[in-house]
Amino acid sequence: LILLAGSSAGREDPEPGPVATVESVDISRYVGLWYEAAKIPNRFQDQCVSGTTAEYTLREDGRLVVVNRCRKEDGSMDEAEGLAKIEDTVTHAKLKVSFVSFLGWRPFWGDYWVIGLGADYSWAIVGTPDRKYGWVLARTPALDDAAWDAIFGILADNGYQKEAFVMSPH
């Protein structure tokens, strides 16, 4: 019997550290149309079977209009319009998003953290501090292997499980 020093046999994996955002987001480069390349499945996208996109438009007050679209099983399009506000005004990497409005009042806001970003803004990774939600966005419907390698590395560094993500058909 040989025992290896430093063996992790019988030990649980340590809890991952906190989710880290990118150092900065240039909102003027981030706005526009993004294709959903992958996501952690969630109940509010259950109706979506393909063609999921997110379009961001900057308002004069510094908030962003968010329009999510997807194709449903019957071929029709589903659309949800929301509002995003920048929470971290230094990095612009932490936002809050709301898709629920009662006469202009928005009682529910969800975390939207940019945790990965291609140097050319060709892809982005959006997550939440509890790792319950996650999306990979791209400027085109497909990403190359090098981009996926970088993306999966960032997800792993942030404690996300690669297996939690499903590819989004277009």
Item to check | Exceeds 12 heavy-atom contacts within 6.0 angstrom, atom CZ of Phe44 | outcome: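 Check passes, neighbour count above 12.
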
Next on the checklist: Please determine whether the number of non-hydrogen atoms from other residues, nucleotides or ligands lying under 6.0 Å from atom CD of Glu73 exceeds 12.
Outcome noted: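 No, CD of Glu73 has 12 or fewer neighbouring heavy atoms, counting only those of other groups under 6.0 Å.
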
Checklist entry - With sequence neighbours left out, what residues match Asp61 under salt bridge (charged side-chain N to carboxylate O under 4.0 Å, His left out)? => result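 For Asp61 the salt bridge (charged side-chain N to carboxylate O under 4.0 Å, His left out) partners, ignoring immediate neighbours, are Arg59.
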
In the single-linkage hydrophobic clustering (I, L, V, M, F, W, Y; side-chain heavy atoms under 4.5 Å), do [X] and [Y] co-cluster?
X	Y	answer
Tyr160	Leu143	yes
Val25	Val90	no
Met167	Phe165	yes

To the nearest 0.5 Å, what is the distance between [atom1] ([X]) and [atom2] ([Y])?
X	Y	atom1	atom2	result
Glu36	Arg69	CD	CZ	14.0 Å
Leu64	Leu95	CG	CG	6.5 Å
Thr128	Asn42	OG1	CG	10.5 Å
Arg29	His92	CZ	NE2	14.5 Å
Ser98	Phe108	OG	CZ	8.5 Å
Asp149	Ile154	CG	CD1	11.0 Å

Item to check | Those residues that, when tested against Asp74, pass side chain to side chain contact (heavy atoms under 4.5 Å, CB included) (two or more places apart) | outcome: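 With sequence neighbours excluded, Asp74 shows a side chain to side chain contact (heavy atoms under 4.5 Å, CB included) to Lys72, Ser76, given in chain and number order.
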
Checklist entry - Which is it for Tyr30 and Leu117 under the side chain to side chain contact (heavy atoms under 4.5 Å, CB included) test, yes or no, and what are the steps along the way? => result CA-CA 10 Å; Tyr30 196 83; Leu117 192 56; 4.2 Å; yes

Next on the checklist: Between Asp111 and Lys96, does the salt bridge (charged side-chain N to carboxylate O under 4.0 Å, His left out) criterion hold? Intermediate values first, please.
Outcome noted: CA-CA 5 Å; Asp111 289 310; Lys96 293 275 190 183; 2.8 Å; yes

Closest non-hydrogen atom pair between [X] and [Y], with its separation:
X	Y	result
Ser122	Asp120	OG-OD1, 2.7 Å
Gly159	Arg131	O-CD, 3.4 Å
Pro41	Val166	CG-CG2, 3.8 Å
Trp123	Ala150	CZ2-CB, 4.0 Å
Val22	Ile115	CG1-C, 3.7 Å
Tyr121	Asp26	OH-N, 2.8 Å

Checklist entry - Would Trp109 and Leu83 count as a side chain to side chain contact (heavy atoms under 4.5 Å, CB included) if you check the C-alpha gap in whole Å, the side-chain angles of each, and the deciding distance to 0.1 Å? => result CA-CA 9 Å; Trp109 293 86; Leu83 186 66; 4.1 Å; yes

Item to check | Trp135 and Gln45 side chains, donor-acceptor separation under 3.5 Å | outcome: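 Distance-only check passes for Gln45 and Trp135.
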
Checklist entry - Ignoring hydrogens and geometry, is there a side-chain-to-backbone donor-acceptor pair from Tyr35 to His170 under 3.5 Å? => result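 Such a contact is absent between Tyr35 side chain and His170 backbone.
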
Next on the checklist: Closer than 3.5 angstrom, by distance alone: can the side chain of Arg63 be matched with the main-chain N or O of Ile86 as a donor-acceptor pair?
Outcome noted: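 Such a contact is absent between Arg63 side chain and Ile86 backbone.
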
Checklist entry - Do Arg139's NZ or CZ and the ring of Trp34 fall within the cation-pi criteria of under 6.0 Å and 45°? => result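 Arg139 over Trp34 ring: yes.
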
Checklist entry - Is it the case that Lys94 places NZ or CZ above or below the six-membered ring of Trp113, under 6.0 angstrom from the centre and within 45 degrees of the axis? => result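 Flagged: Lys94 positioned over aromatic ring of Trp113.
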
Checklist entry - Hey, what's the ring geometry for Trp148 with Phe152, parallel, tilted or perpendicular (30° and 60° as the breaks)? => result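 Taking Phe152 first and then Trp148, their aromatic rings lie parallel (interplane angle under 30°).
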
Checklist entry - Can Glu81 and Val65 be said to form a side chain to side chain contact (heavy atoms under 4.5 Å, CB included), step by step? => result CA-CA 7 Å; Glu81 184 172 317; Val65 174; 3.8 Å; yes

Checklist entry - Would you call Lys132 and Ile40 a side-chain contact if the rule is heavy atoms closer than 4.5 Å? => result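 When only atoms from C-beta onward are counted, Ile40 and Lys132 do not touch, as no gap falls below 4.5 Å.
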
Checklist entry - Quick one: does Tyr112's side chain get under 4.5 Å of Val66's, heavy atoms only? => result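 No - every pair of side-chain heavy atoms lies 4.5 Å or more apart.
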
Item to check | Stepwise side chain to side chain contact (heavy atoms under 4.5 Å, CB included) test for Asn158 and Ile125 | outcome: CA-CA 11 Å; Asn158 277 284; Ile125 307 167; over 6 Å; no

